[in-house]
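Down below is the structure, laid out as structure tokens.
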Protein chains: 2
Amino acid sequence: MSTALDMTFAALADGTRRAILTMLLEDDMAVTDVAEPFDMSLAAISKHLGILTRAGLISQEKRGRVKWCKLEPQAMREAIVWIESFGQLEALNFDAFEQFLSKELGG
Amino acid sequence: MSTALDMTFAALADGTRRAILTMLLEDDMAVTDVAEPFDMSLAAISKHLGILTRAGLISQEKRGRVKWCKLEPQAMREAIVWIESFGQLEALNFDAFEQFLSKELGG
DNA sequence: CCGATCGTCAACCGAATGGTTGAATATGCT
DNA sequence: AGCATATTCAACCATTCGGTTGACGATCGG
């Protein structure tokens with residue numbers, strides 16, 4: 001079983017993909033434009049975008065020939081809740097922590 | 001090149017390893033005790049602990065026969081800074097964001 | 001010293017990852 | 001229609017990953 005959290009963290013565990021997300025912070029971009037700064041084939045970037053899409057971190061919408069990539073920051077919320085519970089326990093509300101614990105240990 | 005951030009996120013991209021970290025929230029544990037709840041060989045758990053150690057998320061100290069595993073939540077700070085910049089931009093101080101951007105785009 | 005316990009190492013396996021290239025598909029332009 | 005652009009698909013390759021098993025080294029207890 002590969003959970004949503006698995007896919008999110010796996011997607012983030014690659015510098016190319018993190019750089020893509022960072023680029024998308026500024027604006028939506030076409031696949032070709034995303035690929036431009038990288039020393040890598042378009043097909044490789046297309047795969048990376050697929051991984052980011054499956055992880056829910058971006059969405060892709062095709063308009064005409066062009067497929068636009070859009071950041072979906074909401075998808076990181078689950079990961080944020082998880083990761084923050086370790087470094088910033090004090091800043092976390094207790095309900096979320098309980099839920100996270102029971103889910104992680106019980107599932 | 002595999003950065004610290006790569007290793008951190010990769011380490012977190014596995015349910016078994018996240019469960020181990022969760023267990024270690026409660027207390028330090030010996031390798032054997034970490035392995036006990038999992039339906040998996042001790043060697044497999046030992047590998048997982050090695051990955052977590054190399055990522056800096058835990059430390060291991062051998063006392064006698066027993067190797068104690070200790071959570072190192074501080075190692076997640078870099079990951080937290082990175083990930084929060086997407087979901088909670090408004091909560092981020094600007095200096096950290098600038099640093100993160102120049103590091104990620106410039107490196 | 002002996003036997004049990006703790007943990008890692010080495011070799012192996014199948015599946016997934018990150019990349020390539022070349023062909024295919026879909027759309028737009030003239 | 002015909003060519004160029006945008007993107008994906010399919011096949012392939014080397015490497016890594018997550019697991020196994022069996023042997024091994026280190027340490028404790030009697």
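Just so we're on the same page: letters track the sequence lines, and every chain starts at 1. Treat the numbers as computed from the prediction; the structure is a model and nothing was measured.
Checked against side-chain contact (heavy atoms from CB on, under 4.5 Å), B/Ala13 has the following partners two or more places apart in sequence or in another chain: A/Phe9, A/Ala10. Residues passing the side-chain contact (heavy atoms from CB on, under 4.5 Å) test with B/Ala4 are B/Glu78, sequence neighbours excluded. By the side-chain hydrogen bond (donor to acceptor under 3.5 Å, both in side chains) test, A/Asp6 is found to be paired with A/Thr3, B/Arg18, residues two or more places apart in sequence or in another chain being considered. By the side-chain contact (heavy atoms from CB on, under 4.5 Å) test, B/Ala55 is found to be paired with B/Met7, B/Ala11, B/Leu57, residues two or more places apart in sequence or in another chain being considered.
As a member of the Ile/Leu/Val/Met/Phe/Trp/Tyr network built from side-chain separations under 4.5 Å, A/Val66 groups with A/Trp68.
Distance CZ (A/Phe9) to P (C/dT17): 17 Å, rounded to an integer number of Å. The distance from atom CZ of A/Arg54 to atom C1' of C/dA16 is 12 Å, rounded to the nearest whole Å. Residue B/Leu49 contributes atom CG, which lies 13 Å from atom C1' of C/dC6 at whole-angstrom precision. Note: CD1 (B/Ile58) to P (C/dG7) measures 12 Å, nearest angstrom. Remark: P of C/dT8 and CG of B/Leu42 are 7 Å apart, rounded to the nearest angstrom. Atom P of nucleotide D/dG18 and atom CG of B/Leu12 are separated by 12 Å, given to the nearest angstrom. Between B/Leu52 atom CG and D/dG18 atom C1' the separation is 13 Å, expressed in whole Å. As rounded to whole Å, 10 Å separates atom P of D/dG18 from atom CG of A/Asp6.
Atom CG of B/Leu21 sits about 6.5 Å away from atom CG of B/Leu12, to the nearest 0.5 Å.
Using a 4.0 Å cut-off, some side-chain N or O of B/Ser46 falls inside it from OP1 or OP2 of C/dT8.
Residues from residues 31-41 of chain A that place a heavy atom under 4.0 Å from any atom of DNA chain D, listed by number: A/Val31, A/Thr32.
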Canonical and wobble pairing (Watson-Crick, G-U, under 3.5 Å) of DNA chain C, dot-bracket with |: ||||||||||||||||||||||||||||||
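Taken together through direct or relayed side-chain contacts under 4.5 Å among Ile, Leu, Val, Met, Phe, Trp and Tyr, B/Leu49 and B/Ile51 form parts of separate hydrophobic clusters.
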Check residues 27-39 of chain B and write down every donor-acceptor pair under 3.5 Å in which the side-chain atom is one partner and the other belongs to a residue at least two apart or another chain.
none

Verdict with supporting geometry, B/Ile83 and A/Trp82, side chain to side chain contact (heavy atoms under 4.5 Å, CB included): CA-CA 11 Å; B/Ile83 206 175; A/Trp82 199 92; over 6 Å; no
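Taking all atoms of both residues into account, the shortest heavy-atom contact from B/Thr8 to B/Ala79 is CG2-CB, 3.9 Å. Residues A/Cys69 and A/Leu24 share a closest heavy-atom pair of O-CD2, 3.5 Å.
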Base-contact (B) and sugar-phosphate-only (S) positions in nucleotides 22-30 of chain C, heavy-atom cut-off under 4.0 Å, - elsewhere: ----SBS--
Could you write out each protein N or O paired with an N or O of nucleotides 11-17 of chain D at a distance under 3.5 Å?
none

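Judged as a side-chain hydrogen bond (donor to acceptor under 3.5 Å, both in side chains), the pairs with a partner in residues 42-60 of chain A (not counting sequence neighbours) are, in order, A/Arg17-A/His48, A/Thr53-A/Gln60, A/Ser59-A/Glu72.
Between B/Ile58 and B/Ile20 there is no side-chain heavy-atom pair separated by less than 4.5 Å.
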